[in-house]
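In listed order, ligands and their atoms are each counted from 1. Just so you know, these numbers come straight off a predicted model, no measurement behind them.
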Amino acid sequence: MALTRRRFLQGLAAGSAAALIGPGLLVRTAQAAVSAEGSWKMAGSHWGAFKALVKGGVVTEVKPFELDQHPTDMLNGIKGLIYNPSRIRYPMVRLDWLKNRHRSDTTQRGDNRFVRVTWDEALDLFYQELERVQTEHGPWALYPGATGWRQTGQLHTCGNHMQRAVGMHGNFVDKVGDYSTGAGQVIMPYVLGSTEVYDQGTSWPLILEHTKTLILWANDPYKNLQVGWNCETHQAYGYLAELKEKIAAGGIRVICIDPVRSKTQQYLGCEHLYIHPQTDVAFMLAIAHTLYSEGLHDETFLNTYTLGFEPFIDYVLGKTEDQVEKTPEWAAALCGIEAEDIREFARLLAADRTQLIFGWAIQRQQHGEQPYWAGAVVAAMLGQIGLPGGGISYAHHYSSIGVPATNASAPGAFPRNPDTGKAPKHDNNDYRGASRIIPVARWIDCLLNPGGKIQYNGSEVTFPDIRMCIFSGCNPWHHHQDHNRMKQAFRKLETVVTIDYSWNATCRFSDLVLPACTQFERNDIDIYGSYAKRGLLAMHKLVDPLFHSRSDFDIFTDLCRRFGRHEEYTQGKDERQWLEQLYNDCKAANEGSYAMPSFEEFWEAGYVDFGDGENWVRHAAFREDPEVNAVGTPSGFIEITSRKIGNYGYDDCKAHPVWMEKAERSHGGPGSDKYPLWLQSVHPDQRLHSQMCESDEYRATYAVQGREPVFLSPADAAARGIADGDLVRVYNDRGQLLAGARVSDRFPSGVIRIHEGAWYGPVDASIGALDTYGDPNTLTLDVGTSKLAQATSANTCLVEIEKFSGEAPAVTAFGGPEIVEVG
Ligand SMILES: Nc1nc2c(c(=O)[nH]1)N[C@H]1C(S)=C(S)[C@@H](COP(=O)(O)OP(=O)(O)OC[C@H]3O[C@@H](n4cnc5c(=O)[nH]c(N)nc54)[C@H](O)[C@@H]3O)O[C@H]1N2
Ligand SMILES: Nc1nc2c(c(=O)[nH]1)N[C@H]1C(S)=C(S)[C@@H](COP(=O)(O)OP(=O)(O)OC[C@H]3O[C@@H](n4cnc5c(=O)[nH]c(N)nc54)[C@H](O)[C@@H]3O)O[C@H]1N2
Ligand SMILES: [Mo]
């Protein structure tokens, strides 16, 4: 087999739309051009609804939707998301897999050498692999992973397309939980009776009216509210502006508790309390100690609404097994806040109406269940749960939660499950004694240890022997921890199929890659305003699918055609007919409450608005009548001690919240003598995870020497001879990466940050290879939070950093595969 190689897109002027569109496509889209002036079309995205000017079949300009009064900077990345050298142009097959299929040399996986094939060839290969796995093995060998941020739009919800089509063919291993709130969503139903993390919160106007002290705990809403699960319109920013004014006028105290001065803290100009990373539970226990010993706790509330306070307070007072009293002095040594300041803080919380608002990053660490549970206990001791502007929330930084919401019904999505009552082609339900559902963040453990058993939320999970993975609408080679461990696991896989629109690291580590189009290359509908449900948006197709990409709908229709189930898959409807149906079903559900025009009128107008929402107080019904409106815990009360969890007998999640040391912790904790810096990999300010990292021009607005920035304190930089703008190597025993130093006084000594979602670009396929762009998951720890939730512990991670000297390797993350011709 003779091979010639050429660098993908060599010599192409990046960023130039015309240069990136092949001649064939220019002809095709030219027919769609309206006029020389072009036309403005409505579109949506997680980071904002917008209008796009389309001229000659090319998106030339983007402006915010008129109802978005607080558009984000991220709209500037849209054009680059459509037009960039990392777009997947054709169906591609990994070189050695094409030669040897499931017996290929898997150590080559990741070397990025691929062969172009036709759509027919690609879908035949995909179908043959499904057949092979279902007949030679069974449903236990197949894992279609769809945990991620598919683009907005209900019809084209891509994970649903993949799982519906694959599910019509045969059964498979599924997942439970997610990376966002894996620990929170499992612990909170035991404590407050619902996940809390995905529930509506007390409305901002009520917080602005009633709250005297607002605690933003591990929470950066000004950064994170840029993104919503549906098409965002950013109403919450109006309330944050009011909050800023109220702080300046002395009408409210707002305190951020965070190891870093966040974007929110900078914007609001509010108070800040530095805390050592991963030590919040120690701080909370000392707050509980102070409240109790100074008689500041609300006994009536505890007696009326909660169960199990005694065992907890006995633990705080050092009357249980460990005999350690959780005094402010005890906590100060861990969390770095002076004992007297802890006391003052506890008194402040009890003095007046206090609203606690938590973010999610502190449950994305080892024992991440504990700070959420301990936080609820502090709130219960304060006795304000269910009052307007008091109590606790776990989600005001997410998807417009807290914006007064309408009661409108949202449109349904393209159905994930086969809904015809017909059995799949391979109707095999034999999982060979293994579990059919695994906790999502443990899937690499599963690949490495088939047949292994773990505890999960009161049950035992037996890992299936997975041979084939399919990924759509997610990028596991950014989202999962410890990439070098992932490499080992991937070598055990026979076949990996990925459907995406951009050539990210997941494509690089796949065998078969299918090009989907972006949301701007198809028609769809979605809610705007996310949880506030302000209205319905017509997401107009802006341009034809670029290169050879197709919609997920088309791709999976043609896969189903290969086993005669395409009619059932589409229900005989095309895109337009589906949109009309989703719209008309939504219109019927809103009949009598919200007037909606005909589909045609809606599509023409671009949106239908549901008007203003209503104020609401979280937990108010329970407070009003805890018998009638019992919460969803086993007892119906807030459970400070959980008999059910206690009965599981876990050593890492006990019957009530406790302080537990971490595997790695900075500021004198385990591992800090060798690797003294805590790496936090929080959510990016100018991306949605890995989405838009491929947008070359936009990336250039934040990259440092072409690499992802790493933020560090002036003291840590000086101690290592690092200056702002330097190229640095960040490393630990798990991996190493190159990044560009950003020295900032928002960071205390011992704390550094690299935003998650930076594209992984290893120098080669070997284990331990240097990552040339700076994905923090090259370094993170891959262990479960505990036997309860088995969620990600991404924020439990220590590293060292040094100035990089010598010749820096080029960034390999972007620009697609190395196309190999097979002759
Ligand atoms: N270290 C660390 N790791 C983390 C986190 C952290 O805080 N720290 N956060 C975690 C969290 S909370 C999350 S939610 C995850 C996010 O992890 P992911 O959701 O996997 O991240 P995204 O970058 O949004 O990946 C979505 C992928 O789907 C593709 N895609 C989007 N729309 C479509 C479509 O319509 N069709 C097809 N076929 N593909 C599409 C995009 O191109 C992109 O590659 O990351 C987790 N990982
Ligand atoms: N711009 C933008 N917005 C987004 C997203 C995005 O990718 N980009 N992703 C969305 C998604 S999927 C999710 S899940 C949410 C994520 O929402 P979160 O998980 O809440 O957000 P993060 O930005 O990871 O972290 C929030 C804050 O927690 C602090 N923190 C971290 N560890 C600790 C600790 O041990 N103690 C204390 N006290 N504070 C700590 C960090 O310093 C940071 O300021 O954001 C959503 N919003
Ligand atoms: Mo998330």
Test item, P776 contacting ligand 1 (heavy atom, 4.0 angstrom): no
Atoms of ligand 2 close to I362 [distance to a heavy atom under 4.0 angstrom, numbered from 1]: 33 (C), 34 (C), 35 (O), 36 (N), 37 (C), 39 (N), 40 (C)
A361, any N or O under 3.5 Å of ligand 2 N or O: yes
Region of D500 that comes within reach of ligand 1 [heavy atoms, distance under 4.0 Å]: both
Candidate with minimal heavy-atom separation from atom 27 (C) of ligand 2, of P684, A218, P259: A218
Min N/O separation D258 to ligand 2 under 3.5 Å: yes
Contact with ligand 1 for Q481, non-hydrogen, under 4.0 angstrom: yes
Residue portion contacting ligand 1 (non-hydrogen atoms closer than 4.0 Å) for H480: neither
A516 contact mode with ligand 1 (heavy-atom cut-off under 4.0 Å): side chain
Under 4.0 Å to a heavy atom of S472 - the qualifying atoms of ligand 1, by number: 38 (N)
Axial cation check for W119 ring with R550, 6.0 Å and 45° limits: yes
N or O contact, T780 vs ligand 1, cut-off under 3.5 Å: no
Ligand 1 contact by V682, heavy-atom criterion under 4.0 angstrom: no
Any G473 heavy atom less than 4.0 Å from ligand 1: yes
Donor-acceptor under 3.5 Å (T264 side chain, Y222 main chain): yes
W229 six-ring centre to R150 NZ/CZ under 6.0 Å and within 45° of normal: yes
Aromatic plane relationship, Y398 with W149 - under 30° parallel, 30 to 60° tilted, over 60° perpendicular: perpendicular
Q226 contact mode with ligand 2 (heavy-atom cut-off under 4.0 Å): side chain
I257-ligand 2 polar pair, N/O distance under 3.5 Å: yes
Atoms in ligand 2 with a heavy atom of Q365 nearer than 4.0 Å: 35 (O)
Of the listed options L216, N224, D73, closest to atom 45 (O) of ligand 2 (non-hydrogen atoms): N224
Side chain, backbone, both or neither: the part of C474 lying under 4.0 Å from ligand 1 by heavy atom: both
Ligand-residue contact atoms, ligand 1 with Q691, heavy atoms, under 4.0 Å: 22 (P), 23 (O), 24 (O), 26 (C)
Distance-only N or O hit between ligand 2 and S262, under 3.5 Å: no
Donor-acceptor contact below 3.5 Å, side chain S502 vs main chain R87: no
Those atoms of ligand 1 less than 4.0 Å from some heavy atom in Y179: 10 (C), 11 (C), 12 (S), 13 (C), 46 (C)
Those atoms of ligand 1 less than 4.0 Å from some heavy atom in N777: 1 (N), 2 (C), 3 (N)
Ligand 1 atoms in contact with D552 (distance to a heavy atom under 4.0 Å): 34 (C), 35 (O), 36 (N), 37 (C), 38 (N)
The single option from H689, R364, H480 passing side chain to side chain donor-acceptor pair (under 3.5 Å) against Y179: H480
Numbered atoms and elements of ligand 1 in range of N504, under 4.0 angstrom, heavy atoms: 44 (O)
Test item: M188 and T195 side chains (from C-beta on) under 4.5 Å apart, heavy atoms: no
Check: W678 N/O within less than 3.5 Å of ligand 2 N/O: no
Carboxylate-amine/guanidinium proximity below 4.0 Å for D552 and R522: yes
Atom indices of ligand 1, in the order listed, that fall short of 4.0 Å to a heavy atom of N475: 20 (O), 25 (O), 27 (C), 44 (O)
Proximity to ligand 1 by part of S180, non-hydrogen separation under 4.0 Å: both
Polar atom proximity, E756 to ligand 2 (N or O, under 3.5 Å): no
Test of proximity, H683 against ligand 2: N or O pairs below 3.5 Å: yes
Option whose closest heavy atom lies nearest to atom 35 (O) of ligand 1, chosen from R150, R364, Q151: Q151
Where ligand 2 meets W149 - atom numbers and elements under 4.0 angstrom, heavy-atom basis: 12 (S)
Part of R522 with heavy atoms under 4.0 Å of ligand 1, whether side chain, backbone, both or neither: side chain
Min N/O separation R687 to ligand 2 under 3.5 Å: yes
L688, portion touching ligand 2 at heavy-atom distance under 4.0 Å: both
Which segment of C158 sits under 4.0 Å of ligand 1 when only heavy atoms are counted: side chain
For A794, atoms of ligand 1 separated by under 4.0 Å from a heavy atom: 1 (N), 2 (C), 8 (N)
